[in-house]
2 protein chains.
Amino acid sequence: MTRRALPPLNGLRAFEAYARSGSMIAAAEALGVTHGAVSRQVRGLELQLGARLLTGPKHALVLSEAGRELAKALTPAFDLIAAALPGAGPSEELVVSCLGTLSMKWLIPRLPAFLDAHPGLRVRIQESHAPVDFSAGGLHAAIRVLSAKSASAYRAVTIMPLHHGPVLSPALLAETGADAERLLRLPRLRSETFRPAWDLWAQGQGVALPSGVTEREFEHNSYMLEAAAAGLGVAVTPWPFAQADIERGRLVAPFGFQALAERFVYLRPPYGDHPAAEAFGQWLAREGRRNARPPAAVVTLGAK
Amino acid sequence: MTRRALPPLNGLRAFEAYARSGSMIAAAEALGVTHGAVSRQVRGLELQLGARLLTGPKHALVLSEAGRELAKALTPAFDLIAAALPGAGPSEELVVSCLGTLSMKWLIPRLPAFLDAHPGLRVRIQESHAPVDFSAGGLHAAIRVLSAKSASAYRAVTIMPLHHGPVLSPALLAETGADAERLLRLPRLRSETFRPAWDLWAQGQGVALPSGVTEREFEHNSYMLEAAAAGLGVAVTPWPFAQADIERGRLVAPFGFQALAERFVYLRPPYGDHPAAEAFGQWLAREGRRNARPPAAVVTLGAK
DNA sequence: CGGCCATGTGAGCTTTCCGCACATGACCCG
DNA sequence: CGGGTCATGTGCGGAAAGCTCACATGGCCG
């Protein structure tokens, strides 16, 4: 086995991007990094090669002779690689069943990042709450909420824990004040898809919900959340459903969020080997890890 | 600027090595890493691509269809790059002046690693203790021992600090015992190239050297070290000179090593731009950092 | 001559990568 | 049929690479 001494490949990629675009900043954008990163990579490559690739004053850099030579080979080489990547042919479609609200509020907004990173892959999301049935075929994976025990019956990976808590519009909070008792007397919003949310939360917090409070029920979590954002009352919802709205300031969660025993899991048929489904699962778990931390409470229950 | 979505290049390199060698272990050796590293890289690439590259039971892995396609493109692509690297032409020679003992004991044993990483570069080492004179030409850089102040007159980078201390053969130590007073009465070995070594060390330790002790003087540090290894007495030497012998058990340093104000520095002419010389300096500094930590004392001075 | 634009750089943090040691699993051989 | 061996997979901890952010630099242009 001949031993080939190649310089750092990431440096080559950065240099090639620079050579094609003619500017650090443009290359940085093409690679999705900052200009400083490209600058370092190119510098590191020059050091490694022991040769100058760029010359001239730094506001008007120009490829050196050696740099031109190298770039002339790099571009076709990378093109060759890109053309040979699997998935260059007809794109494969991954079919995933997902809980409706999770899909709308969490998955779809993140999906472009996955698709960008996996060109030649398409993902079709089917919304469903029904128990997962892979036997019908045509479905490669599913996302559900399950307890650890139920999940163990499947080939499952945990995406993220399930934290839930009450959310409302900032305006309604301001009007009511940061007072736990008053907040719990605001109209309660429920979703048909998960009626016990409020009771489960109250039980977990060890508080009793005052009775005689207006309740409104919605067909879906997403309607309920819209209503909450519109200031109609307080909804108890999983953190991933509210995360984007909270970060944008459309909703606030004065009591923070509480962990439930269930988790969001990614399920696959117990048989078969589907690399794209596997990659999607890994990516989901990663995204889940990056976003699993809900904000803490700012209003204490039981405090006056 | 078109945006090309390439998978992790290090994964591609690992996969190509695997495809060429037909085995994880062979590929690992070709890349200078362990088989586990290759295994992970290939696995990561499969995940990223969302496609199987290898199939079959793990004791008889075989390239999949997609894997063959990819490998077929990767090998020429990497060859193309390798051929276009600067330095493919006539190899450049870097001329470096170095202190004799440092060269023999420290630099030369490490040099192959640098040359491996920089094919198309040759390094000629000239041994010299004389003050550095770049004006004569033909010299690209030099390695010397200087104080921070003197070094600031040059274009200099620090390679490593200068620690020195007494060393002797393990046999002689065993015979004498771990007793500071008795050890300091053993014959003292000196080198003409640095006569004040013993006095400087004693002063730094705050001890007085017993008088009336046999002394032997040698023309060079390396003769002195050989004598020490042969059990003729105790030599005070910089850590880098003794490092290899200590690690191999030929020498021991019961008192550890003591820092001096001088350092090993890499000097370059103040003018001119020599990427290979720059790369060599960076590599030296790096090697220096990896080896700068001398062992601690095991015999305390002043203790009975 | 002051502001602007492109690139270089120091500090600190995150991610990737690797080595090590061990696990796994399949084959072989007696 | 059980132990040995060979090739590959994997959890863990630590090292290196890579990145961002913020600021420095240095030349151009108005």
Side-chain angles (χ1 to χ4, degrees), chain A residues 1 6-15 17-19 21-48 52-63 67 113 117 157 273 278 282-283 285-287 289-291 293, chain B residues 1 6-15 17-19 21-48 52-63 67 113 117 157 273 275 278 282-283 285-287 289-293:
Chain A
M1 174 88 185
L6 285 173
L9 298 177
N10 292 328
L12 291 176
R13 168 164 51 192
F15 174 69
Y18 173 84
S21 70
S23 130
M24 293 273 170
I25 293 180
E29 193 187 352
L31 297 172
V33 297
T34 60
H35 72 93
V38 176
S39 173
R40 287 169 201 278
Q41 288 280 349
V42 174
R43 181 108 188 74
L45 183 60
E46 287 187 321
L47 261 177
Q48 167 70 27
R52 281 221 147 281
L53 298 173
L54 305 179
T55 59
K58 72 175 160 192
H59 64 293
L61 287 175
V62 157
L63 292 183
V157 298
D273 179 39
E278 175 72 20
Q282 297 259 56
W283 175 80
R286 190 185 174 70
E287 282 300 308
R289 239 174 287 127
R290 288 160 42 91
N291 295 282
R293 193 143 310 283
Chain B
M1 175 85 187
L6 285 173
L9 297 177
N10 293 328
L12 291 175
R13 168 163 51 191
F15 173 68
Y18 173 83
S21 69
S23 129
M24 292 273 168
I25 293 182
E29 193 186 354
L31 296 172
V33 295
T34 58
H35 73 92
V38 177
S39 172
R40 286 168 204 277
Q41 289 280 348
V42 173
R43 180 107 187 73
L45 182 61
E46 286 187 321
L47 260 177
Q48 167 68 28
R52 280 220 149 282
L53 299 174
L54 273 47
T55 57
K58 74 176 159 189
H59 65 292
L61 286 173
V62 159
L63 292 183
V157 298
D273 180 38
E278 174 74 19
Q282 298 259 56
W283 176 79
R286 189 184 174 69
E287 283 300 308
R289 238 173 287 126
R290 288 159 42 92
N291 296 284
R293 192 142 314 279

Take nucleotides 21-28 of chain D nucleotide by nucleotide from the 5' end and write B, S or -, depending on whether a protein heavy atom sits under 4.0 Å from the base, only from the sugar-phosphate, or from neither.
----BSSS
Going by side chain to side chain donor-acceptor pair (under 3.5 Å), name the residues that satisfy it together with B:Glu278, two or more places apart in sequence or in a different chain.
B:Arg268
Rounded off to whole Å, could you give me the CG-to-P distance for the B:Leu63 and D:dT8 pair?
12 Å
With a 4.0 angstrom cut-off to heavy atoms of chain B, pull out the first and last contacting nucleotide of DNA chain C, in 5'-to-3' order.
C:dC17 to C:dC27
Can you name the closest pair of heavy atoms from B:Ser21 and B:Ala27 and give their distance?
OG-N, 3.3 Å
Can you name the residues that form a side chain to side chain contact (heavy atoms under 4.5 Å, CB included) with B:Leu6, not counting sequence neighbours?
A:Arg13, A:Phe78, A:Ile81, A:Ala82, B:Arg4, B:Leu9
Could you pull out every donor-acceptor pair under 3.5 Å between side chains of residues 37-46 of chain B and any protein atom, sequence neighbours left out?
from	atom 1	to	atom 2	distance (Å)
B:Gln41	OE1	B:Gly11	N	3.2
B:Glu46	OE2	B:Arg52	NH1	3.4
B:Glu46	OE2	B:Leu53	N	2.7
B:Glu46	OE2	B:Leu54	N	3.1

d(CD1, B:Ile25; C1', D:dG9) in whole Å
12 Å
Is it the case that the side chain of B:Gln282 and the backbone of A:Gln48 share a donor-acceptor pair, with hydrogens and angles ignored and the cut-off at 3.5 Å?
no
Short heteroatom pairs, N/O only, protein and nucleotides 14-18 of chain D, under 3.5 Å:
from	atom 1	to	atom 2	distance (Å)
D:dG18	OP1	A:Asn10	ND2	3.2

Evaluation steps, side chain to side chain contact (heavy atoms under 4.5 Å, CB included), between A:Phe15 and A:Leu63
CA-CA 10 Å; A:Phe15 174 69; A:Leu63 292 183; 3.7 Å; yes
Residues that B:Ala285 engages under side chain to side chain contact (heavy atoms under 4.5 Å, CB included), provided they are two or more places apart:
B:Arg289
